[in-house]
Every structure is written in C-alpha cells, then in structure tokens.
Amino acid sequence: MKTVLMVAEKPSLAASLANILSNGKATSRKGFNGACSVHEWVGTFRDSSAKFKFTSVCGHISGLDFVGKFNSWDKCDPIDLFSCPTEKKDATPKLKMPQFLASEAKGCDYLVLWLDCDKEGENICFEVMDAVSSCIRNVRSTSVTFRAKFSAITEKDIKNAMATLQFPNENESRSVDARQELDLRIGCAFTRFQTKFFQGRYGDLDSSLISFGPCQTPTLGFCVQRHDEIQQFKPESFWYVQVTVDPEQKLEWQRVRIFEKEVAMIFYNMVKEQKEAIVESVTSKDNFKSRPLALNTVELMRSASSGLGIGPHVAMQIAEKLYTQGYISYPRTETTTYPTNFDLRGVLKLFERSNEYGDEAKNVMNDFVQPKKGTDCGDHPPITPMKMANRSDFDGDTWRVYDYIVRHFIGTLSRDLKYKSTTAKFIIDGEIFTSTSNVLIDAGYTKVMTWQAFGKNELSNPYNKGDRVLIKDVKLIESQTGPPSYLTESDLISLMEKHGIGTDASIPVHINNITQRNYVSVEAGRRLKPTTLGIVLVHGYQKIDPELVLPTMRSALEKQLNLIAHGTADFRAVLKHAIEIFRLKFQYFVTNITNMDSLFEVSFSSLADSGKSHSRCGKCRRYMKYIQQKPARLHCSHCDETYSLPVGGIARVYRELKCPLDDFELLAWSSGNKGRSFPFCPYCYNNPPFPDMTRASGCNNCTHPTCQHSLTNLGVSSCIECDKGVLVLDCTSSPKNWKLGCNSCDCIINIFDDALKVTVDEDTCECGSQLVTVAYKQEKTPFADGDDKKTGCIFCFNEFMPLIEKHKAVENRRLNSSRGGRSSRGRGKGRPNRGRPKPPKDKMAQLAAYFV
DNA sequence: GCAAGGTC
C-alpha cells in the first residue's frame, strides 16, 4: 500500500483538513517537535487504497539571512549588503522542522501540499519539498508531488481540491524568494547606515535603533503626513444664520455656512426682518444602519483599537490566546462571508444559556436573518466564537475582546437598525431652513452591539405643511474651521490595508515597530502622534528621496515581483534590476545624508554638546564626553570619534590608569552594587587588539602578556559555573572589595574582605588554579598565627576558606579537593583532574603567540 | 542591534 504525506501550513488546519478528508476517522499523534501533530487514516488515492499521513509546518520553515561576517555591523560596509551572499536559515530552530518533516516523509510515496493558497504558501510548498527531498524519491516530479488548491475550509471545497490536484507553482514561490531578498538587503543596509550615522553624531536620540523598512517607513509616513496637515492648517472664519423657532427648536440653514462676512450679513439682515417661517413641506423616509459583515482580522483590530482602546498588537495576542484555548475560530483571515454550510444556528445555540447574551441569542434564533454577503478570500472562515465563556473565565481585556467577537457574531445575524427620518422644510424670505427628526423603529443588531446604539432618538417633528411658525430669534454666528486630528490607529490600519502595506498578520507588527522605536506615541483615543525623531526621519527622506517613504514604493515593488509570479519575467533579471535600483538609491542617500542631518541638528544635541567630560582620548589626550543615554557612548569631539560602551550599568574612570597599547584612559564598568564589574579600555572595547579577543571585551578578556590588568595576569582559574569562562581577579573596587568575576558568565566570588592587597602569583596549585597572595594591615589580619600576608590557593588552602564568600559552586569544589596548603611547585605538571577546573591558558604559550 | 513574512 502506498503512503501519501500531506502537509498544511499550520497544525490547526492539518487537524481540520484531516478530519474532513478522513470523514472523521483519522487517528492523531503528536510529532516529535512538540508543535505539530500527525493525523493518519486509510483511504483511496489515485484509485488504489493508500495510507494517509496529514501533518503541518508552522509557517515558513526557513528565512533568509546574511552569511558570516555580513551579520556583523562592524565587519562590513552597509553597501556590501546589496551584493553579499545570503543563506537560508531555519526560521525557528527549536521546532526542528526539516528533521521533523524528513522523519515523517520516510517511506512515503506521494506528497500532497495543502499550504495556504497565496504566494507565501506556494513558497512554503517548495520549502517542504526541500525538507523531504532526501526521503521521498523524485519529489520534484509531477507524478509524486501535488498541490491542493482550496478556497474555503468546507467539506465540499476540500474534497473537490483533493479530486482535482494540481502542481506547485514555482514562479509564485520564486517571487517570494525575491521579496525576501530585497526586504533583507534594503532594510538592513539602510537601518545599519542611518543608525550608525546618527548615533555617532547625537546624544539624545530617543531610540537605540533607527530602523528603515519598506513597510514600517511608509507606515510612519502616514502618521507624519497627518502631522504636517495639522501643522500647515490655517483656520478660516465662516458665518451662518441661526434661526430659533417657537417652541424652542434650532433650524439648519441649507447654505450651511458662508466664508464671506458681507454676504452672510446680507442673508442675516434679510431673515432677521421676518416674524414667521412657513413650512413648505414635510417628508419622511425610512433609513437603515446596516448590520455588520462577518468579522475578519483587520476589522477586529480596528474595533479593538477604536472601541476597546486595545492596540492591534495586544488585540491579536489576545485573539491568538482565545483561539488556542478553543474560544474563537482562527483569528487571522481576510474573509468576511460565512461558508455556505456554516452552522450559524449551532454557534448561536452555544449562547442561549449565557448570562450575558442569552436573551439576545434566543431572540435572534427566533428571528433569524441571513447574514450579509461579504468577500471570500479563500483563506479562513470569519472570526467567530466557538465556545461559551463567562466573564470570570478571563482577565478584563481578554473578556472585552471575546465579548466583542460574540456580540459581533450575533450582530451579523440580527436585523438592520431601522429609523424614520422626518424633514420639515421652512422658507423664510426665500431662504431655506430645515429641521430633521430621527425616530427609532427597530434597534436591530444594536441590541447586542450596544455601543452602536441609536443615540438621537427624538420626538417626531410636530410640523405640518403650510404651518406658520413663530421665529423666536435670529443670530449671525461666527466660527472657524478646525484642523484635522492625528490619525487614529484604526485610520492607520485602513490606510495600510488600502495601500497594500503589510498583511493582516503583519500590520500590527509594523505599527508596534514604529511605536517601540519611538517614532510615534499613542495618545488619548489611540491617536498616533509622531515624535520629533519620527518627523525628522520622514522629512529627511522627503528631502533626499521621497520615494523611500511613499506608500507606493511597496506596491511598485509588488508589481515587479508579480512579473516573476506570473512567469512573464525572469527571477534573476527582476531581482538584479530591483537590487541595483535600491543600491543606487542607497548610495544617493548616503552621499546626501547631510540633508537629513541638517534636520537632526535642529532637533537633537550633538555628541559634543551632550554628556559630561569623562576620560582622556588616547589619540589627542583631550577629555572625551560620556553620553549616558542609551546606547551609552564616549565621544571625542576633537577626533570626531564615537566609542560604544557596555550596555547598562555605569563606566567610571578607573584611577586614571591607561591602556599600554593605545594610551586611552581605562574605565571600570559596573552593573551595580552586587553585579558584574571589570576594567576596560574604550578603544580596545571597540577595536580588539588581539585576534583571540572578541569585540566588546574588557581587560578581563585581554591577553596582553604584560599589562597588569589583563586576563593573562589576573586570571585565577577556569570558571566553576560555565564552560568557557575564566575567573579573573577584579580590583576595580579594591581595597573595599576584592572579588573574582567570570569573564564570560555572571559568576562572582567575593574574597578577602578588608584586605590591603591581593595579587595573582605565577605559581599554580595542583588543582590547576593560580596561587593568590593576600596582605592585610597587621591589626586586621584574620589569620590565627598573626601573619599579615599569606599565599595559597583560593580553593584549596584551608586558611583561606573562611575568607571566601560562601557560594554554592565553591562548596562543591572543596569536596573535590580536600588537600590544602601551598603551591605544589616542582611536582611536575598538574595531572588532569576530573571535576577540577582547568588552569587558565598557559602564559608562556600566549607570550609566544604575540611575538611570532 | 537590522526587514518582512509565515506561525506557536
């Protein structure tokens, strides 16, 4: 019997598709990666009986990244990112997706791909084929691998897809490869360049990353565009005639308003003369407010933001949680129409006993209205509740999102809101005024979607045709036009959707990005107000190359990519062309960055003006400025150089000591009272002097052979907690505090309280540790024999034991080494002892290495 | 420390 492997895009879909195709007979087991399940049954494939295995991936298997040194910000020029090699890497290594698929594919004869029917899905088809290519023979052959094309998750559609299997479309997949490569190269090149450029010049930028991206930047552009409209807005005065009749009722003027005072005055003077208004006509009509379409992702995000005050990012996190707990259906979908066979009444029935919706659910059940027809995008059914919940089952916001989804669902099956509008038309000396009353006839869906309730239920108009109504008062009112408001998050989502920026899944990510990077702030009513940084960035792009911030940039790119997808253009040619265009744009941007910089200059303070004088530069001997704002930096305004500093903590001047290599003053970094600390040279920290010293290293990682602060001279033993680190004597807070700190992990051992001096000897203990000499003031010596100075091993010398801070790891170590005492000098090379620390690297070998 | 796109 042949075996057919079938793969969906996510675990939930594999389960429901398997259930449909097996007529509910599939058995399920968890895959070895813990995330995916495998559903198995026996059925018929190509007229023979066959074993089916249905599993899934979790989105993309792999993602694109740069190779090796091109991932380092310091080892390459951003322009290189347009031409450097790239490689595919596991998207989520812990899922072990390729291994999982390969293991399930063993022994399979056919592959049927049930990935989502869009370009990303087509791309994942090829990722799946790659993953199983060593396990399924001829996986690229059209007699082995098939593509199921479905447009709804319904039995009819799915079984039809199974009966009319097609082949994966490589062109569509390649267009996604191209998009990935372009996004990566463009985004990273611009981001690295502008981040380094502006961080090297300003001290008070409120973001530690100045990112650029083909989606996030136009998204920011929308917010700044509205800001500009507000700034440029000039209020205009206008006038209108306000008539009040008796009984008290203000009429609306048909001319609404007039922008010339003289003209308005003429009308005012005319109307003012009259005592009566004549009712010329009274007309009525029924109006409707339509029940909502079935709920999709974008609408959920918009309503959460505008109605519940919950941002799209958080709203989607909540929706996903509700989904995985089985309370709602899959929350990422564009579709706004229920599948034809969807059991709407079944869902409604879930809520008949609910305290919250019971009455509404029963009413709607008895007065069931067919939902409005929306769009079927062929992805997933609209978002609906799946299970009844009570208020007490969730925290506040989760409840509010769930409550919204339920009410929206019931709303789609309710009647439209209906009201009667009656308009009376008045004539006053030829001028027309009106009065309209709106009377609710049927609250319809707003009974359950109460926030949309009819607000202006008024008394019906009392007027009849031909009535003469007494005019009580006539006024000429002056007013001014007002500026627009900042974009609401909900407006922004609509704009992004309209311009094709991001997808339903990525829209909240982009919005989150521009807030996290401090380009916009979320104000009252979830309105997005750009920050100075956001404004300056967008205006800067507009000065240099407006296309960089235009929403059309993404769609133009998509157009190019579609040529690949449709097979009308060659993948290589399109990609090469697009990369070249953006490479030139990037070059132009770099050479003209001063245009953007002139905007930064006005808004931010230069490094030279920020921070405090701190320590001396090794090149010019002048004091450098210490900028403590994130990211912490030292700036030498004379040399115009910026040196980054360790993240967090503080870097104080270290006794005016100097690095023997470059003459820079040493700093002592400390992450706090009981945290890590080490000395470092700001120059070496940014430009490691030795090949075995990585960037961002302190002196405790420096292998300088003779410097008194180096690892070579202060290293005591290999770390007792981690594999790769060395415990190094840390004198930065001596003589108050002496300690050993690991140069790799967080391990710290406090030693020799109140000691005058601690030094690391040349000799080693037989356990492999360097011996240490400690000296105390005579009156403070802790030793029983009254000696004020002793040499021994921190770990083995009994007299040192009480002077080493109790530490679990130290305790363990003592058990392994009961011997105490002095050096075992002359006893030959220390035997390798299991469970005992390895000695620090051999000093002579290191010395030799430098002089080669 | 970068992008955007899937999804857990």
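The figures here come from the full heavy-atom set of this structure, side chains too, leaving out hydrogens, waters and symmetry mates.
- A:Phe197 has its CZ atom 18 Å from the C1' atom of B:dC2, to the nearest Å.
- Among the heavy atoms of the strands, none lies under 4.0 Å from A:Asn123.
- Residue contacts shown for A:Arg332 include a base, since a base heavy atom lies under 4.0 Å away.
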*Going through the checks in order, is the salt bridge (charged side-chain N to carboxylate O under 4.0 Å, His left out) test met by A:Lys576 and A:Glu580?*
CA-CA 6 Å; A:Lys576 202 178 148 201; A:Glu580 181 58 15; over 6 Å; no
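- Heavy atoms of A:Gln199 sit under 4.0 angstrom from at least one base atom.
- Residue A:Gly502 is classed as a sugar-phosphate contact, given heavy-atom separations below 4.0 Å to backbone atoms only.
- Here the nucleotide nearest the side chain of A:Asp65, chosen from B:dC2, B:dG1, B:dA4, is B:dC2.
- Taking the charged nitrogens against the carboxylate oxygens, A:Arg554 and A:Asp183 do have a contact shorter than 4.0 Å, which makes a salt bridge.
- Rounded to whole Å, the distance from NZ on A:Lys585 to P on B:dA3 is 20 Å.
- Rounded to whole Å, the distance from CG on A:Leu557 to P on B:dA3 is 16 Å.
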*Can A:Tyr541 and A:Phe212 be said to form a ring-ring contact (aromatic ring centres under 6.0 Å, His included), step by step?*
CA-CA 11 Å; A:Tyr541 297 129; A:Phe212 173 92; 5.5 Å; yes
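- For A:Phe582 and A:Phe82, the distance between ring centers is not under 6.0 angstrom.
- Sequence order on DNA chain B of the closest nucleotides to A:Arg192 and A:Lys94 puts A:Arg192 first from the 5' end.
- If you measure from atom CG of A:Asn686 to atom P of B:dG1, you get 15 Å, rounded to the nearest angstrom.
- Looking at residues two or more places apart in sequence or on another chain, you find a side-chain contact (heavy atoms from CB on, under 4.5 Å) between A:Thr531 and A:Leu533.
- For A:Thr92 and B:dT7, the shortest distance from a side-chain N or O to OP1 or OP2 is not below 4.0 Å.
- The CD atom of A:Glu320 sits 12 Å away from the C1' atom of B:dG6 (whole-angstrom rounding).
- Remark: A:Thr503 is not in phosphate contact with B:dG5, judged by side-chain N or O atoms under 4.0 Å from OP1 or OP2.
- Within 6.0 Å of atom CZ in A:Phe193, more than 12 heavy atoms from other residues, nucleotides or ligands are found, so the atom counts as buried in its surroundings.
- Nearest to the side-chain atoms of A:His60 among the listed nucleotides B:dT7, B:dA3, B:dG5 stands B:dG5.
- If you check every strand for non-hydrogen atoms under 4.0 Å, A:Ala91 touches a base.
- Counting only heavy atoms from C-beta on, A:His510 has its side chain closest to B:dG5 among B:dG5, B:dG1, B:dA3.
- In this structure, A:Arg554 reaches the B:dG5 phosphate: one of its side-chain N or O atoms is under 4.0 Å from OP1 or OP2.
- In this structure, A:Phe126 places its CZ atom 17 Å from C1' of B:dG6, rounding to the nearest Å.
- Whole-Å rounding puts the A:Leu575 CG to B:dA3 C1' distance at 15 Å.
- Looking only at distances, no side-chain donor or acceptor of A:Asp80 sits under 3.5 Å from a matching main-chain atom of A:Cys76.
- Of the candidates B:dA3, B:dC2, B:dT7, the closest approach to any side-chain atom of A:Asp183 belongs to B:dA3.
- The phosphate of B:dA4 (OP1 or OP2) has no side-chain N or O of A:Arg179 nearer than 4.0 angstrom.
- One finds no salt bridge joining A:Glu641 and A:Arg633 here, because no Lys/Arg side-chain nitrogen approaches an Asp/Glu carboxylate oxygen to under 4.0 Å.
- When the side-chain nitrogen and oxygen atoms of A:Tyr330 are compared with OP1 and OP2 of B:dT7, one or more of them lie within a distance under 4.0 Å.
- A heavy atom closer than 4.0 Å to some atom of DNA chain B occurs in A:Ser208, A:Leu209, A:Ser211, A:Phe212, A:Gly213, A:Pro214, A:Cys215, A:Gln216, these being the qualifying members of residues 208-216 of chain A.
- One can place NZ of A:Lys119 at 11 Å from P of B:dG5, the figure rounded to the nearest angstrom.
- Using the six-membered ring where Trp is involved, A:Trp114 and A:Phe150 have ring planes that are tilted, between 30° and 60° apart.
- At the heavy-atom level, A:Leu64 lies under 4.0 Å from base atoms of the strands shown.
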